[in-house]
Amino acid sequence: MTNKYNLPANIEALLEENTSHIEAFQELIRDGGYVPPSMELLIDAITALSLGKNVLLKGPTGAGKTKFAETLSNLFHQPMFSVNCSVDLDAESLLGFKTLAYNEEKQVIEFVPGPVINAMTHGTFLYIDEINMAKPETLPLINGVLDYRRTITNPFTNEIVTAKESFNVIAAINEGYIGTVPLNEALKNRFVVIEVPYIEGEQLKQLIQTNTKLQDSKTVELFVKLSSDLIEAVYQGKLSEDGASIRALLDACDLSVIIPPKRAILRAIVDKLDEEREREFVLNLAETLF
């Protein structure tokens, strides 16, 4: 569900001016639905993208960074190719690969473009999720894509690819997470950084009511209180970020429509935690609220 945002007139004008008219890949235009803790987050991201800047969404896991990116895709009516980073990410995963094909019964070698080449040649958004999970030697491949040049020499075809004007990059990062590495300064300087905090209070209540099947107002309020307590525990160092994931909380809300809330919390939140101490902590919170 796409939320209606009361954006300032100048920001609405930026969106209208930069709305994509790409007919291909309409299935890659996301549904949106992000509820920002502050409208400034949305305004600043729209402004940066309208000016051709890359945007880096930085914040805890489950805070809604991917949903934020999908909402930007929806607002700009812009298809969005995605890259999910990991230690296994390589040039083929980013740029594409060669394969054997047939042309008039003759065997030929064809290049199948990957998300980076597709996004550049069609002028769409490119979303790079968990960018700091990639090996440090992999991402420099696309440094030229991320700066003013907006070009890359495809190592598989030797073709110089220049991005269309509407091409934009949105990336997301979870700092301090297991398996992540610090972004080097050369890469970080290619982005406008937007800190994405946890959604709390009335914004979280609205998110639950619009993005889950839970409609009972009393139960919604209890889940909002649970989330607040979990987030506070993260800030105090009592709980890992996984325990306060808004994504996991929404799953628990959906499950609680059919099964008891405490069991929903067990399945959606508690069972994802590795440390017994953290599991007991969340269970005790659930016991006091539900």
Side-chain angles (χ1 to χ4, degrees), residues 34-38 41 56-68 84-88 129-135 171-183 193-209 211-214 216-290:
Y34 178 66
V35 180
S38 165
L41 294 178
L56 178 65
L57 304 177
K58 175 183 171 186
T61 182
K65 297 184 293 297
T66 299
K67 183 61 72 173
F68 193 171
N84 295 307
C85 292
S86 70
V87 293
D88 298 321
D129 194 18
E130 299 190 36
I131 190 170
N132 56 335
M133 288 285 285
K135 291 180 292 188
I173 182 175
N174 298 321
E175 287 194 314
Y177 211 60
I178 295 173
T180 62
V181 294
L183 285 188
V193 180
I194 296 179
E195 189 84 33
V196 182
Y198 286 114
I199 298 171
E200 300 186 73
E202 283 300 313
Q203 285 87 6
L204 179 57
K205 182 178 177 181
Q206 180 186 348
L207 184 67
I208 292 171
Q209 291 171 335
N211 286 268
T212 77
K213 299 182 184 300
L214 181 60
D216 179 73
S217 58
K218 182 180 178 181
T219 308
V220 170
E221 292 286 356
L222 290 174
F223 271 108
V224 171
K225 178 65 170 70
L226 173 66
S227 179
S228 176
D229 290 344
L230 294 175
I231 291 169
E232 182 63 28
V234 170
Y235 292 150
Q236 293 176 356
K238 297 178 181 177
L239 188 66
S240 62
E241 289 181 354
D242 281 351
S245 167
I246 301 300
R247 187 185 306 116
L249 185 88
L250 296 180
D251 287 341
C253 289
D254 268 331
L255 291 174
S256 70
V257 175
I258 299 174
I259 65 176
K262 284 189 286 188
R263 203 160 82 233
I265 293 166
L266 175 68
R267 302 305 180 207
I269 300 175
V270 176
D271 284 347
K272 294 178 182 177
L273 300 173
D274 295 325
E275 293 190 20
E276 186 61 32
R277 173 185 58 84
E278 292 187 349
R279 293 163 59 89
E280 289 180 4
F281 179 82
V282 178
L283 283 173
N284 287 337
L285 276 181
E287 192 71 40
T288 61
L289 290 172
F290 295 95

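Sequential numbering from 1 along the given sequence is applied to the chain's residues. All of these numbers come straight from a predicted model, not from anything done at the bench.
In summary, Asp229 and Lys225 engage in a salt bridge, as defined by a charged side-chain N under 4.0 Å from a carboxylate O. Remark: Lys218 does not engage Glu221 in a salt bridge, criterion side-chain N to carboxylate O under 4.0 Å.
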Should Asp254 and Leu214 be marked as a side-chain contact (heavy atoms from CB on, under 4.5 Å) after you check the CA-CA gap, both sets of side-chain angles, and the distance that decides it?
CA-CA 6 Å; Asp254 268 331; Leu214 181 60; 5.9 Å; no

Please lay out, stage by stage, how Gln206 and Asn211 fare under the test side-chain contact (heavy atoms from CB on, under 4.5 Å).
CA-CA 8 Å; Gln206 180 186 348; Asn211 286 268; over 6 Å; no

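The environment of CG in Asn284 is crowded: more than 12 heavy-atom neighbours from other residues, nucleotides or ligands sit within 6.0 Å.
You'll find the side chain of Lys262 stays beyond 4.5 Å of the side chain of Leu289, heavy atoms only. Side-chain atoms of Ile246 and Ser227, non-hydrogen and from C-beta on, do get closer than 4.5 Å to each other. The side-chain heavy atoms of Pro197 and Leu41, taken from C-beta on, include a pair separated by under 4.5 Å. Asp242 is not listed as a side-chain neighbour of Lys272, based on a closest heavy-atom distance of 4.5 Å or more. Contact check for Leu239 versus Leu273: side-chain heavy atoms found under the 4.5 Å cut-off. Looking at Phe223 and Ser256, their side chains come closer than 4.5 Å, going by heavy atoms from C-beta outward. Looking only at side-chain heavy atoms (C-beta outward), Tyr198 and Glu241 come within less than 4.5 Å of each other.
Taken to the nearest 0.5 Å, the SG atom of Cys253 stands 10.0 Å off from the CG atom of Leu222. With rounding to the nearest 0.5 Å, the separation of OG in Ser217 from NZ in Lys205 is 7.0 Å. Put simply, CG on Asp216 and CD1 on Ile208 are 11.5 Å apart, with the number rounded to the nearest 0.5 Å. Summarising the geometry, atom CD1 belonging to Ile173 is positioned 5.5 Å from atom CG belonging to Leu56; distances are rounded to the nearest 0.5 Å. For the atom pair Glu232 CD and Leu285 CG, the distance stands at 11.0 Å (nearest 0.5 Å).
Nearest heavy-atom pair, Ala171 versus Ile131, reported as atom, atom and distance to 0.1 Å: CB-CD1, 4.1 Å. For Leu204 against Val224, the heavy-atom pair with the smallest separation is CD2-CA, 4.1 Å. Across all non-hydrogen atoms, the minimal contact from Leu255 to Ala268 is CD1-CB, 4.2 Å.
The only option from Asp251, Leu283, Leu230, Val270 that meets the side chain to side chain contact (heavy atoms under 4.5 Å, CB included) definition with Ile265 turns out to be Val270.
Put simply, the side chain of Lys65 gets close to the backbone of Gly59: a donor and an acceptor are under 3.5 Å apart. Between the side chain of Glu278 and the backbone N or O of Ser240 there is at least one donor-acceptor pair closer than 3.5 Å.
Ring geometry, Phe68 versus Tyr34: the interplanar angle falls under 30°, so the pair is classed parallel (tilted spans 30 to 60°).
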